[in-house]
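Atoms within each ligand, like the ligands themselves, are counted from 1 in listed order.
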Amino acid sequence: MNIETIQQALLTLPLGGLRVFDSIGSTNDEALAWADAGCPDFSLVIADEQTMGRGRFARKWITRRGSSLAFSLILKPLPIEIRHLSLFAPMAGLAVWQALSDLYQIQTQIKWPNDVLINRQKCAGILVETAWNGNDLNGVVLGIGINISSESIPPTTDQLFPATCIETALGYPVERFELLASVLHSIQYWRKSLVQNDFISAWQSHLAFVGEKVEIVQSPKPPIIGVIKEIDPQGRLVITQAGNSEIAVEAGDVHLRLANNLPVAKEK
Ligand code: BT5
């Protein structure tokens with residue numbers, strides 16, 4: 001990966017710092033260590049290949065050389081932002097949705113809480129992690145993986161949910177660092193409206209599977225089965241259960257799957 005090319009693409013962004021790797025275990029691990037060591041706000045770690053890329057619940061995220069965007073942005077939240085940490089993952093999802101819409105006019109949906117889908121197939125995954133020092137927050141790491149070319153799509157045996165990539169959807173090659181710059185600009189934008197109504201309404205209007213039956217798995221608690229209604233003002237997913245009762249579910253240690261369309265691979 002050529003650092004000058006990346007710097008050139010990100011020229012208009014107020015990056016606190018930049019670390020570029022041809023190959024790394026996980027950009028999130030590097031970013032968490034950098035946050036602990038005291039990096040500035042809006043510092044970026046990016047790698048061409050990840051050998052130990054991580055998803056949520058210690059699942060693996062596959063990043064093959066030259067095929068994807070895999071990066072981790074470190075934010076040092078202001079006190080007011082710390083109260084809304086649960087919105088950082090959807091903020092990253094909104095930023096990916098916005099960038100894909102602005103650059104390529106692709107319609108994407110956000111699978112609550114934060115996967116980005118094209119035609120009900122996953123093209124991007126987000127892993128938000130925090131670096132704490134006692135009660136002090138050293139930083140929030142937004143880890144984002146976006147599948148660009150068809151080589152980025154993992155084998156079906158490694159897909160918990162059907163996967164796709166940007167170039168398959170578009171039918172032409174894209175300049176991945178232009179997309180990176182656009183996602184980072186969108187993060188700047190949505191960060192400013194983290195607590196405002198247009199954040200929730202944009203999220204709501206691009207929410208996947210509204211009106212469809214889903215299962216929210218929140219082990220060790222029993223799963224919740226019901227129909228997706230909406231996102232509430234606190235960013236919780238409102239599910240209508242049997243008997244028309246409603247329940248609001250917090251993002252966190254939960255994941256969502258379609259109740260009538262179980263994952264293609266067995267969960268690990
Ligand atoms: C995610 O987890 O989707 C979060 C992925 C975050 C990746 C970024 S890349 C930069 C940064 N550094 C890291 O180490 N991670 C972040 P989850 O919702 O748990 O989905 C994981 C599941 O997605 C896996 O179990 C696979 O089934 C599937 N998967 C793995 N690689 C994939 C890919 N490239 N495209 C689509 N699905 C994939």
Side-chain angles (χ1 to χ4, degrees), residues 1 19-21 23-35 43-75 88-93 95-96 108-131 139-169 176 179-180 183-184 187 208 214 216-219 251-258 262-268:
M1 261 192 170
R19 290 186 180 174
V20 177
F21 297 86
S23 181
I24 197 170
S26 156
T27 55
N28 263 35
D29 288 342
E30 176 73 18
L32 287 167
W34 198 7
S43 292
L44 181 72
V45 179
I46 179 164
D48 201 24
E49 173 191 60
Q50 293 187 115
T51 55
M52 302 269 285
R54 291 188 282 114
R56 301 190 310 142
F57 313 104
R59 294 183 196 130
K60 77 178 166 189
W61 181 261
I62 295 170
T63 308
R64 296 203 187 104
R65 194 177 285 267
S67 68
S68 318
L69 277 174
F71 59 95
S72 300
L73 181 71
I74 305 153
L75 301 178
F88 277 58
M91 171 173 78
V96 174
T108 57
Q109 291 80 42
I110 300 172
K111 175 174 171 275
W112 186 89
N114 49 20
D115 289 342
V116 181
L117 310 181
I118 300 173
N119 294 330
R120 301 167 78 93
Q121 297 178 314
K122 181 162 168 170
C123 67
I126 292 159
L127 175 66
V128 173
E129 296 181 302
T130 43
V140 177
V141 171
L142 307 186
I144 303 181
I146 306 178
N147 295 339
I148 304 289
S149 68
S150 56
E151 297 84 66
S152 64
I153 301 175
T156 44
T157 46
D158 273 324
Q159 294 177 19
L160 198 54
F161 194 84
T164 190
C165 68
I166 308 305
E167 291 184 355
T168 296
R176 62 183 164 154
L179 175 59
L180 170 66
V183 171
L184 297 179
I187 289 173
V214 296
I216 306 286
V217 182
Q218 45 171 8
S219 180
D253 292 341
V254 295
H255 82 262
L256 177 155
R257 59 187 183 185
L258 284 171
L262 290 170
V264 287
K266 225 173 147 25
E267 264 175 63
K268 293 166 189 145

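When every heavy atom of Val45 is checked against every heavy atom of Phe21, the shortest pair comes out as CG1-CE1, 3.9 Å. Smallest separation of non-hydrogen atoms from Asn119 and Gln109: N-OE1, 4.1 Å. Contact record, Ile118 with Cys165: CD1-O, 4.4 Å, taken as the closest heavy-atom pair.
Once rounded to the nearest 0.5 Å, the distance linking SG of Cys123 with CD1 of Ile153 reads 10.0 Å. Considering CD1 of Ile144 and CH2 of Trp61, their distance stands at 11.0 Å, rounded to 0.5 Å.
Polar contact check, Ile62 against ligand 1: a nitrogen or oxygen pair lies under 3.5 Å apart. Distances between N or O atoms of Leu160 and those of ligand 1 include at least one value under 3.5 Å.
In Arg56, the parts holding a heavy atom less than 4.0 Å from any atom of ligand 1 are both the side chain and the backbone. Residue Thr63 does not touch ligand 1, judged by heavy-atom distances below 4.0 Å. When heavy-atom distances to ligand 1 are checked against a 4.0 Å cut-off, Gln50 comes that close only through its side chain, counted from C-beta outward. At a heavy-atom distance under 4.0 Å, no atom of Phe57 approaches ligand 1. By the criterion of a heavy-atom distance under 4.0 Å, neither the backbone nor the side chain of Cys123 is placed next to ligand 1.
Residue-ligand proximity, Lys122 to ligand 1, at heavy-atom distances under 4.0 Å covers atoms 1 (C), 3 (O), 17 (P), 18 (O), 20 (O), 23 (O). Set against the non-hydrogen atoms of Thr27, the atoms of ligand 1 under 4.0 Å away are 10 (C), 11 (C), 12 (N). Within the listing of ligand 1, atoms 34 (N) sit less than 4.0 angstrom from a heavy atom of Ser152. When each atom of ligand 1 is checked for a heavy atom of Ala163 under 4.0 Å away, the hits are 36 (C). The Asp115 neighbourhood of ligand 1 comprises atoms 3 (O), 18 (O), with distances under 4.0 Å to a heavy atom of that residue. Close approach to Asp158 involves these atoms of ligand 1, each under 4.0 Å from a residue heavy atom: 26 (C), 27 (O), 28 (C), 29 (N). Listed by atom number, the atoms of ligand 1 under 4.0 Å from Ile144 heavy atoms are 8 (C), 9 (S), 10 (C). Atoms of ligand 1 lying under 4.0 Å from any heavy atom of Asn147, numbered from 1 in the order shown and given with element: 33 (C), 34 (N), 35 (N), 36 (C).
Side chains of Gln50 and Thr63: a donor-acceptor N/O pair is present below 3.5 angstrom, by distance only. Side-chain contact, Ser72 with Thr27: a donor N or O sits under 3.5 Å from an acceptor N or O.
Asp115 has no carboxylate O lying under 4.0 Å from a charged side-chain N of Arg56, or vice versa, which leaves the two without a salt bridge.
Each of Leu184, Ile146, Val96 was checked for a side chain to side chain contact (heavy atoms under 4.5 Å, CB included) with Leu179, and the lone residue meeting it is Ile146.
Partners of Glu129 by salt bridge (charged side-chain N to carboxylate O under 4.0 Å, His left out), not counting sequence neighbours, listed by chain and number: Arg54.
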